[in-house]
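Just follow the structure's listing: the first ligand is 1, and inside any ligand the first atom is 1.
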Amino acid sequence: MASPVADPRNEGALRRDVALANRILERFGLSNAFGHASARIPGTGTFYFPTRRSPGFADENRLLVLDTEGRIVSGEGTPNSELWIHARIYAARPEVGGVVHAHPPACICLTQIGQPHRVVHNQGGAFHEGVPEFERIGLIRTRELGDLLAHRLGARVAVMMRGHGITTALPEVRAATVAACMLEESAALQLRMLAAAGGDAGKIRAYTPEEALSLSDQISPRVVDRAWEYYAAAADRMPLGAATGGGRT
Ligand SMILES: [Zn+2]
């Protein structure tokens, strides 16, 4: 059976999704100069990846095609240096079709006060299996570090990276992007709850595992479609740098 992207309309649609996913990360304050989203070309070990610029500049016509060994298959330009995050997750997880890496401030704050992510609101149900932490600081610029991060992520939706950011991985790039937005929202709420509780994490009424599981549909295609419609439309109406001046935390 031919790959879905043999149809140029599908290729164009996936390229547009990748570019838009990157712009969403920047417009919504999950990343500014750094961060990136990618999508696997269906049925292959290759993926669309932006060139080495802010995700806010991502252009569907300038995406690179990389493989899981970090090689450039096609396209012109230099890839973002943390390409190994994407390459090695696609290598480890055949079912993953979209990977997002960003540096969202609330998630970084959680890692640096020793608080694991907890499910504290409904959308947090997307992370009912838990969000592991990758403790090693610094950028993921080698194949080996990419493998270590992929191993820490395991089969889960997201991993937090101490003092650095987050990575999400799901079957579609739209879902991975929505998950990144939900995780930052969840972390921001958790920080506010912690502050309101005077720093006493025990006062936060985090959902029980059973409650969190009951909300696991918060990353279902139906929910993702609705969230993507909003994020995509809003991102297209927001200027570059919209999130940097608002004091988003
Ligand atoms: Zn990074």
> Hey, which N, O or S atom on His164 ends up closest to the Zn ion (ligand 1)?
Replying inline: NE2
>> From the N, O or S atoms in Glu82, identify the one nearest to the Zn ion (ligand 1).
In response: OE1
> Side chains of Ile113 and Leu194: closer than 4.5 Å at any heavy-atom pair?
Replying inline: yes
>> Looking at Asn80 and Thr51, would you say the former's side chain and the latter's main chain have a donor-acceptor pair under 3.5 Å?
In response: yes
>> Tell me whether Leu83 shares a hydrophobic cluster with Leu148, the cluster being built from Ile, Leu, Val, Met, Phe, Trp, Tyr side chains joined at under 4.5 Å.
In response: yes
> the Zn ion (ligand 1) is nearest to which N, O or S atom of His103?
Replying inline: NE2
>> Counting neighbours of CD1 on Ile137 that are heavy atoms of other residues, nucleotides or ligands and sit closer than 6.0 Å, is the number greater than 12?
In response: no
